[in-house]
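Take a look at the structure set out below.
As the structure lists them, so they are numbered: ligands from 1, and atoms in each ligand from 1.
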Amino acid sequence: MNSAPDPGSQSERRQRSRFLRLVKHRSTILGAVGSIDDGPRRGLPALLRLCHRSHNPRMTHIDRRDRSEDQGDEQMHADLSTPRRRGHRIRILAVVAAGLALLAACGQGGGGGDASAYPEDSITITVPFSAGGPTDTVTRLVAKPMSKDLGQEIVVKNVEGAGGTLGAGDVANAEPDGYNLLMHHIGMSTAPALYPDLAYDPLKDFKTIGLVTTVPMTIVSNKDFEPNNLEELITYVKANADKVTLANAGVGAASHLCGLLIEQAVGADLNEVPYDGTGPALTDLVGGQVDFMCDQTTNTVPQIEGDKVKAFAVTTPERIDALPDLQTTEEAGQPDIKVGVWHGLYAPAETPDEVVKAVTDALAKALKDPEVVKKFADLGTKPVPEDQVTPEAHTKLLMEQIDLWTPVIEEAGVKGS
Ligand code: ASP
């Protein structure tokens with residue numbers, strides 16, 4: 001049974017505002033059509049309800065409430081088949097045409113409403129990992145100036161679990177109206193190979209908006225972990241493979257991929273401890289509940305600088321400015337442990353291009369914001385060059401990364417569930 005939407009919820013507010021936009025649109029059409037009599041007047045609201053309902057499954061309770069009006073619509077069809085009043089029929093046809101135009105507008109881009117007026121309501125960016133983690137940090141940093149530019153609040157929503165695939169699945173199925181966006185990272189390209197039952201196709205179920213940043217990873221451990229450099233860590237982990245614990249953010253997370261590279265270097269499977277994001281994993285690492293992990297510098301720089309964790313190496317070819325004393329994995333004799341965690345912003349596939357363009361523009365501006373540039377630098381990263389903040393560059397990278405990771409994952413035989 002369908003329950004009525006919570007009147008105070010964000011989705012209900014969105015439904016309301018969307019309905020208002022449709023009503024505004026309807027008024028324009030009615031104005032163009034001219035006067036109508038009582039019969040067809042009942043027909044247009046029915047089309048409107050159909051339009052509204054087709055995009056709002058939770059609103060199907062209207063079906064029962066408005067049945068009497070729908071019966072009025074049946075009467076309208078009966079009138080059409082009776083050659084009684086020619087003028088009446090013409091007016092009816094005019095209204096039906098207007099209704100069809102409205103339905104077409106409603107279906108346009110799958111989102112409905114007036115795309116050129118976007119945004120008229122708050123926007124939600126789903127982060128598919130826990131609050132306080134690296135993906136969350138990147139999202140909140142860019143959301144602030146984007147919100148200012150777009151003139152609407154941006155709500156960051158954490159939908160964590162299954163290596164980021166739950167949150168991504170939610171957005172794939174969300175209203176394609178520009179009010180539901182997804183910030184995801186490299187995991188978008190690894191999920192298809194890792195999850196046989198993946199509920200979405202990264203290339204078909206989303207529109208890319210633009211790339212954001214590529215963040216280096218660091219290998220870190222709790223302060224009591226015995227080894228003191230990467231060479232010692234590999235040796236120690238090899239000798240104690242049955243008891244050391246390696247934290248990650250689930251199968252397909254960047255921390256998981258980096259962990260696989262470490263396992264390859266060690267030549268053994270390790271005890272992995274999955275979290276819903278590396279925010280909570282790092283808290284446990286500092287607390288000594290897990291031994292070591294890989295994580296983006298956006299999470300680890302403050303902990304490394306604060307001497308809360310031991311840092312072994314950074315996973316980029318070059319050292320990074322934020323941690324100039326930390327050697328690279330290559331310098332430490334492990335050139336194969338290299339990962340850069342790229343992030344991109346997505347919308348559901350049917351989102352109108354006009355709306356995507358507005359978000360791309362806001363993202364590009366946000367990435368030039370001096371505060372964002374400084375915060376990124378402090379956390380070991382920088383915005384992507386401007387020509388990468390486009391749907392085209394984003395799609396190109398996504399496709400390349402799917403091609404890159406799929407055979408690697410298939411060969412490793414790793415699967416998520
Ligand atoms: N750093 C995480 C990862 O391993 C994700 C997160 O919590 O942002 O993919």
Side-chain angles (χ1 to χ4, degrees), residues 125-143 156-171 181-195 202 211-221 245-263 270 272-286 290-304 309 311 314-316 320 337-346 375-376 379-381 398 401 405 408-409 414 416:
I125 302 183
T126 293
V127 168
F129 296 104
S130 315
T135 314
D136 184 71
T137 299
V138 164
T139 308
R140 288 176 198 275
L141 286 177
V142 296
V156 176
K157 182 175 161 195
N158 300 86
V159 182
E160 54 266 82
T165 58
L166 294 186
D170 263 18
V171 178
L181 307 176
L182 170 74
M183 181 72 83
H184 207 338
H185 66 15
I186 189 170
M188 194 67 154
S189 61
T190 57
L194 285 166
Y195 289 86
L211 293 168
V212 180
T213 175
T214 296
V215 185
M217 293 196 107
T218 47
I219 302 171
V220 291
S221 80
T245 49
L246 173 64
N248 66 38
V251 173
S255 44
H256 173 244
L257 299 172
C258 181
L260 289 177
L261 298 177
I262 294 177
E263 286 184 342
L270 303 177
E272 292 174 22
V273 184
Y275 289 79
D276 283 340
T278 45
L282 192 61
T283 305
D284 271 10
L285 188 92
V286 171
V290 281
D291 292 327
F292 79 118
M293 67 189 281
C294 293
D295 202 13
Q296 284 107 299
T297 56
T298 34
N299 218 20
T300 59
V301 165
Q303 306 294 343
I304 295 169
V309 295
V314 61
T315 64
T316 42
I320 58 168
I337 308 178
K338 269 203 199 96
V339 201
V341 186
W342 59 273
H343 295 74
L345 196 58
Y346 301 80
K375 288 256 168 68
F376 271 20
L379 296 174
T381 188
L398 177 60
Q401 290 275 300
W405 284 103
V408 174
I409 291 163
V414 193

Inset, instruction - Go through the side-chain N and O atoms of Thr137 and Thr298 and say whether any donor and acceptor fall under 3.5 Å apart. - result: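 No pair is found: no donor N or O on one side chain lies under 3.5 Å from an acceptor on the other.
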Inset, instruction - Please identify each residue that fulfils side chain to side chain donor-acceptor pair (under 3.5 Å) with Thr190, with sequence neighbours left out. - result: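 So Thr190 forms no side chain to side chain donor-acceptor pair (under 3.5 Å) with any residue.
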Legend entry - Any residue meeting side chain to side chain donor-acceptor pair (under 3.5 Å) with Thr300, in chain and number order, not counting sequence neighbours: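 Partners of Thr300 under the side chain to side chain donor-acceptor pair (under 3.5 Å) test: Thr218.
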Inset, instruction - Heavy-atom cut-off of under 4.0 Å around ligand 1: list whichever protein residues fall inside it, by chain and number. - result: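 Residues within 4.0 Å of ligand 1: Phe129, Pro134, Thr135, His185, Ala249, Ala253, Ala254, Ser255, Gly277, Thr278, Asp295, Gln296.
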Inset, instruction - Measure the shortest side-chain to side-chain distance between Val220 and Met293 over non-hydrogen atoms and say whether it is less than 4.5 angstrom. - result: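 Yes, their side chains come closer than 4.5 Å.
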Legend entry - Contacts of type ring-ring contact (aromatic ring centres under 6.0 Å, His included), residue Tyr275, not counting sequence neighbours: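 Residues passing ring-ring contact (aromatic ring centres under 6.0 Å, His included) with Tyr275: none at all.
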Legend entry - Spatial distance of atom CG (Leu261) from atom CD1 (Ile337) [nearest 0.5 Å]: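 Nearest 0.5 Å value for the CG-CD1 distance: 6.5 Å.
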